[in-house]
S.K.: 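Provided herewith is a single structure, encoded as structure tokens, for subsequent inquiry.
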Amino acid sequence: MKDTIISLLDGAIVTLKHQGVLPNDIQAVIKVDPTKDKAHGDYASNLALILAKPAGKKPRELAEILIAALPQDAAVTKVEIAGPGFINFFAATTAAAQVVAQVLDCGDAFGRSLIGKGEKVQVEFVSANPTGPLHVGHGRGAAIGDCLCRLLEATGYDVTREFYYNDAGVQIRNLALSVQARAKGLGPEDASWPKDGYRGQYISDVADDYLAGASVAADDRHVTAKGDPDDLDAIQEFAVAWLRREQDLDLKAFGVEFDVYFLESSLYEEGKVEETVKRLVENGHTYEDAGALWLRTTAFGDDKDRVMRKKDGDYTYFLPDVAYHLNKWQRGFKTVINEQGADHHSTVTRVRAGLQALEVGIPQGWPDYVLHQMVMVTRSGVEVKISKRAGSYVTVRDLIDEVGRDATRFFLAARRADSQLTFDIDLARSQSNDNPVYYIQYAHARVCSMLRKTQDAGQDFDHDLALANLALLESDQEKAVMNRLARFPGVVENAAKNREPQQIAQYLLTLAGDFHTCYNAVKVMVEDDTLRNARLGLGLATRQVLRNGLDLMGVSAPEEM
RNA sequence: GCGCCCAUAGCUCAACCGGAUAGAGCAACGGCCUUCUAAGCCGUAGGUUGCAGGUUCGAUUCCUGCUGGGCGCGCCA
């Protein structure tokens, strides 16, 4: 429909250029948008406003000329000029109703597109170090990152989900020391407890399993405990595997799967870190000062230079980061999106600067970042800060256990990444109309119920009869639903392009609202076969889009509630 | 002090690369279940989009300055 209108307007411009009414050199990107207010018709274009200046005419006057030159089309019943010069189009019912046929025809594919042309995209998200269970912040990253991947897949990209983690640094040593302390019967209150040791209950669990000689299997490793409390390296190996498994279980419970787990240690083992240093030094972007090796990142927009190699000879985290991203580039990812907590935003400029200094043709501003702000969890209006499992933070699993996977995913992905999020446990777990997840799922279940009812009555849905009678869907409420359905592909495209998963959540809420309104206004189970089937067709199309949208968020679409 | 992000109804949040009268939900008030699931619907009320300027036909959206909040400013990650 939208495309039809664009081509009509295009036709008008061509005609007017021929007639000399419009200058030939005029270039216009024709924009047609669905209207917010149905008094403005179904679609509107600001073309006359855009062209007014180059055409040397007043907007409303130009709008009149454009309308006069508009080719006839059965899909458009009325065209009006409104406001400062908008051209409003009223779609014929039959034309608008075609979306129902289209949705039923496309099924799961409705809303999907090939915009990405199979281009490889890598999305790195979560990337938690294996030092504890995943916390809410990781949860937000997981929800946003996974939804983003689903959006990119739906728009035709070849997506790789990647999880990067450090399995060897100072913090991992700290983990091993903490487990060792527990294995030796020490607690945080003891004088010899490691400085900055991890205190959660899970540390004791790891220690117990280690002493018991347990085996753990994670996605990318399998380790059997040695049981010797004096062997710190063995403890470390076991602890990392144990927490990798723990995080695997967190992610599994959350319904997120990764294609690649990338180990920071592999960059050292394969000499990638050394290579990166060498390249940076050769390019003349480094210098030594106070026993450390520095990279002149200020030459690439950073506000201070950064240490690459500490005076003790170890590298800072920053260097493997650069090596890792070089690796991504070398794997052929022209588009890489890093989903991270905004508390790490300072790494963005740094990593990009390092990549520029490599001088290997990586574009400025590569890779892309999606940064999410902090999450605060509240219960009964009070911030929740502790969890038995992890000690000082709320875990993803705590939330899933308490409010369920659907609500957790929805709540964490339904807000813009760059605004702070308050996760209200009471709201998320309430089985009531306060809860937006249920509002959407209920709409889906309602259609399913409707379908069951007709089947019970021996009035099975007649697909052909429905499609032949879509013109009967005449009420304002039905039209509102149809117009909403028609917008879905555009919303998906936009959400993917802008990397904004929350747009899907928002869309689903409005679609569910349109549907509930329609449900109350228009009865589906009527005697008239043609009418009943047409309406049922609309219901089924709505169900399909709700399902497709929920699937993009990784949220289930229950058949009954 | 410097950098990044945010500020929209009493509360939680939307607003589709600048569009028409800024929208939902919750909370408040008034209605709707012998009829497809009331986890729903209809109606009423609620706003100087933090403040002050600027850009233009038009600004919640873009720019500048301020105020308030979050995060960061390690040879930690």
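Note that these values count all heavy atoms, side chains included, but never hydrogens, waters or copies made by symmetry. Just so it is clear, the structure is predicted and the values come from calculations on it, not from any experiment. The chains referred to below are lettered A, B, ... by the order of the sequence lines, with proteins before strands, and numbering in each begins at 1.
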S.K.: How many Å lie between CD on A/Gln506 and P on B/U12, as a whole number?
M.R.: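 Interatomic distance, CD of A/Gln506 to P of B/U12: 16 Å.
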
S.K.: Look at all strands and tell whether A/Lys453 reaches a base, only sugar-phosphate, or nothing, counting heavy atoms closer than 4.0 Å.
M.R.: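 Answer is sugar-phosphate: A/Lys453 comes under 4.0 Å of backbone atoms only.
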
S.K.: Between B/G68 atom P and A/Gln420 atom CD, what is the distance in whole Å?
M.R.: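 Answer to the nearest Å: 16 Å.
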
S.K.: Can we say A/Arg535 and A/Glu478 salt-bridge, meaning some charged N sits less than 4.0 Å from an Asp/Glu carboxylate O?
M.R.: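 Answer for the salt bridge query: yes.
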
S.K.: Provide, to the nearest angstrom, the distance between the CZ atom belonging to A/Arg416 and the P atom belonging to B/U60.
M.R.: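 Taking CZ of A/Arg416 and P of B/U60, I get 16 Å after rounding.
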
S.K.: Map A/Lys53 and A/Val522 onto RNA chain B by nearest heavy atom, then report which one ends up closer to the 5' terminus.
M.R.: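 So the residue in question is A/Val522.
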
S.K.: Pairing check on B/G47: which nucleotide meets the Watson-Crick or G-U wobble criteria with it, both distances under 3.5 Å?
M.R.: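 Base partner found: none.
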
S.K.: Which whole-number value in Å describes the distance from A/Leu371 CG to B/C6 P?
M.R.: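 Answer to the nearest Å: 11 Å.
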
S.K.: Of the options B/G19, B/C13, B/A77, whose atoms approach the side-chain atoms of A/Arg415 most closely?
M.R.: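 Selected nucleotide (nearest to the side chain): B/C13.
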
S.K.: When both hydrogen-bonding distances must be under 3.5 Å and the geometry is Watson-Crick or G-U wobble, what is B/G10 paired with, if anything?
M.R.: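 The base-pairing partner of B/G10, which may sit in any strand shown, is B/C26.
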
S.K.: Between B/C29 and B/C66, how far apart are the C1' atoms? Round to whole Å, please.
M.R.: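 Taking atom C1' in both B/C66 and B/C29, they lie 40 Å apart.
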
S.K.: Quickly work out the A/Gln340 CD to B/C71 P distance and round it to whole Å.
M.R.: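 These atoms are roughly 18 Å apart.
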
S.K.: Is it possible for you to check whether A/Arg446 lies under 6.0 Å from the centre of the six-membered ring of A/Tyr519, through NZ or CZ, and within 45° of that ring's axis?
M.R.: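 That pair qualifies as a cation-pi contact.
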
S.K.: Tell me which nucleotide, if any, is Watson-Crick or G-U wobble paired with B/G74 when both distances must be under 3.5 Å.
M.R.: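 Here B/G74 is not engaged in any pair, so there is no nucleotide opposite it.
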
S.K.: Please pick, from B/C75, B/G72, B/C36, the nucleotide with the shortest atom-to-atom distance to any side-chain atom of A/Trp294.
M.R.: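 Output: B/C75.
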
S.K.: Distance check needed: B/C32 P versus A/Asn520 CG, whole Å only.
M.R.: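 The distance from CG of A/Asn520 to P of B/C32 comes to 14 Å, rounded to the nearest Å.
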
S.K.: Given B/C76, B/A14, B/A38, which nucleotide is nearest the side-chain atoms of A/Tyr519?
M.R.: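 Of all the options, the side chain of A/Tyr519 is nearest to B/A38.
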
S.K.: Under 6.0 Å from the six-membered ring centre of A/Tyr261 and within 45° of its axis: does the NZ or CZ of A/Arg244 meet both?
M.R.: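 Cation-pi check for A/Arg244 and A/Tyr261: passes.
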
S.K.: Among the candidates B/C57, B/C6, B/A39, find the nucleotide nearest to the side-chain atoms of A/Asp418.
M.R.: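 Nearest nucleotide to the side chain: B/C6.
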
S.K.: If you measure from the P atom in B/A14 to the same atom in B/U8, how many Å do you get, rounded?
M.R.: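 My reading of the P atoms in B/A14 and B/U8 gives 10 Å.
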
S.K.: With rounding to whole Å, what would you report as the distance between B/A59 and B/C51 at their P atoms?
M.R.: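 After rounding to an integer number of Å, I get 15 Å for this pair.
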
S.K.: Taking A/Glu339 as the fixed residue, which of A/His372, A/Arg499, A/Arg140 is the one that meets the side-chain hydrogen bond (donor to acceptor under 3.5 Å, both in side chains) rule?
M.R.: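 For A/Glu339, the side-chain hydrogen bond (donor to acceptor under 3.5 Å, both in side chains) check succeeds only for A/His372.
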
S.K.: Rounding to an integer number of angstrom, what distance separates B/U55 and B/C63 when you compare their C1' atoms?
M.R.: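 Straight-line distance between the two C1' atoms is 7 Å.
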
S.K.: Separation of A/Glu264 atom CD from B/C76 atom C1', in whole Å?
M.R.: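 The answer, rounded to whole Å, is 12 Å.
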
